[in-house]
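Below is one structure; the comments refer to it alone.
Side-chain atoms are counted along with the backbone in the values below, which use heavy atoms only and exclude waters and symmetry mates. Throughout, residue positions are numbered sequentially from 1 according to the sequence presented. What you see is a predicted model, and the numbers here were worked out from it, not measured in a lab.
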Amino acid sequence: MLPRKLRIATTSLSGCFGCHMSFLDIDERLIELAGLVEFDRSPITDIKHCSQRCDVALIEGGVCNAENVHVLRELRANAKTLVALGACAVNGGLPAQRNHLDVGRCLSQVYRTPDGTAAAIPNDPELPLLLDKVYPINEIVRVDYFLPGCPPSGDTIWKFLTDLLTGRTPRIEHPLLKFD
Ligand code: SF4
């Protein structure tokens, strides 16, 4: 009997999708990967919520709004191993530069009436409220692995995944380990 395929979920919270693009940079190895894993909830599938327990959840982006918190908690509850993928998930990344600013003032400066004379901050209840700061994901849930880089390279992601898939403890060393 063939071994069970590992089940992977991915998401982008307060990310730029660059880490997902880097994931796709494993290029033709995606075909090999497709033989080893199945994707659950992910921007690259049409699955909106985890359909079953997953082996691995790859989390791109920090946590900047209420919806990010819900998504992250769903993935943590459904994943055996949860990975902070990229600088934003690891430490908030560039979006966390807003942390020394007042979020209310930021919004009122960005959203203006058409003539630009007054603040017109969107207040539809459908919209998730921003948090006071951008948080790394480990301040919301437990994280099993941190994979730094903005983004981590395709080769780094491949080394990490193949370590996991073959039952080794993932080990990333220079020159695959970087922080920019
Ligand atoms: S770590 Fe870099 S590439 Fe990844 S989501 Fe953040 S800004 Fe984008």
Distance-only, no hydrogens or angles: does the Glu74 side chain make a donor-acceptor pair with backbone N or O of Cys50 under 3.5 Å? yes
Non-hydrogen atoms of Glu126 and Asp124 that approach each other most closely: N-OD1, 2.7 Å
Measure from the side-chain N and O atoms of Glu60 to the backbone N and O of His20, and report whether any donor-acceptor pair falls under 3.5 Å. yes
Treating Ser108 as the side-chain partner and Ala119 as the backbone partner, does any N or O pair qualify as donor plus acceptor under 3.5 Å? no
Between Asn68 and Gly62 the two heavy atoms that sit nearest each other are OD1-O, 3.8 Å
Can you tell me if CG on Asp46 sees more than 12 non-hydrogen neighbours from other groups inside 6.0 Å? no
State whether the side chain of Lys178 and the backbone N or O of Pro151 hold a donor-acceptor pair below 3.5 Å, judged by distance alone. yes
When hydrophobic residues are tied together by side-chain contacts of less than 4.5 Å, even through go-betweens, does Leu130 share a cluster with Ile121? yes
What's the verdict on side chain to side chain contact (heavy atoms under 4.5 Å, CB included) for Leu30 and Leu24, showing C-alpha distance, side-chain angles and the deciding distance? CA-CA 7 Å; Leu30 279 168; Leu24 298 182; 4.2 Å; yes
Can Leu101 be reached from Leu131 by stepping across I, L, V, M, F, W or Y side chains whose heavy atoms are under 4.5 Å apart? no
Charged N-O contact under 4.0 Å between Asp55 and Lys5: no
Any ion pair linking Arg76 and Asp144 (charged N to carboxylate O, less than 4.0 Å)? yes
Donor-acceptor pair, Asn78 side chain versus Cys54 backbone, under 3.5 Å? no
Which heavy-atom pair separates Leu176 from Ser153 by the least distance, and what is that distance? CD2-OG, 4.4 Å
With no hydrogens and no angle check, is any side-chain donor or acceptor of Asp40 less than 3.5 Å from a backbone partner on Arg7? no
Would Ser42 and Thr45 count as having a side-chain donor-acceptor pair, cut-off 3.5 Å? no
Would you sort out whether Ser14 and Asn65 count as a side chain to side chain contact (heavy atoms under 4.5 Å, CB included), showing the intermediate values? CA-CA 8 Å; Ser14 176; Asn65 66 34; over 6 Å; no
Using the rule that Ile, Leu, Val, Met, Phe, Trp and Tyr join whenever any side-chain heavy atoms are under 4.5 Å apart, tell me whether Leu161 and Phe39 fall into a single cluster. yes
Do side-chain atoms of Arg29 reach the backbone of Ile26 as a donor and acceptor pair under 3.5 angstrom? yes
May I ask you to decide if Ala120's main-chain N or O and Thr113's side chain share a donor-acceptor pair within less than 3.5 Å? no
How close do Leu75 and Leu82 get, counting heavy atoms only, and between which atoms? C-CD1, 4.2 Å
With under 30° as parallel and over 60° as perpendicular, where do the rings of Phe160 and Tyr145 fit, or are they tilted in between? perpendicular
Does a salt bridge link Lys159 with Asp155, judged by any charged N lying under 4.0 Å from a carboxylate O? no
According to a 4.5 Å side-chain heavy-atom criterion applied to Ile, Leu, Val, Met, Phe, Trp and Tyr, with indirect links allowed, do Phe146 and Phe23 form part of one hydrophobic cluster? no
Can you hop from Ile44 to Leu147 via hydrophobic side chains spaced under 4.5 Å? yes
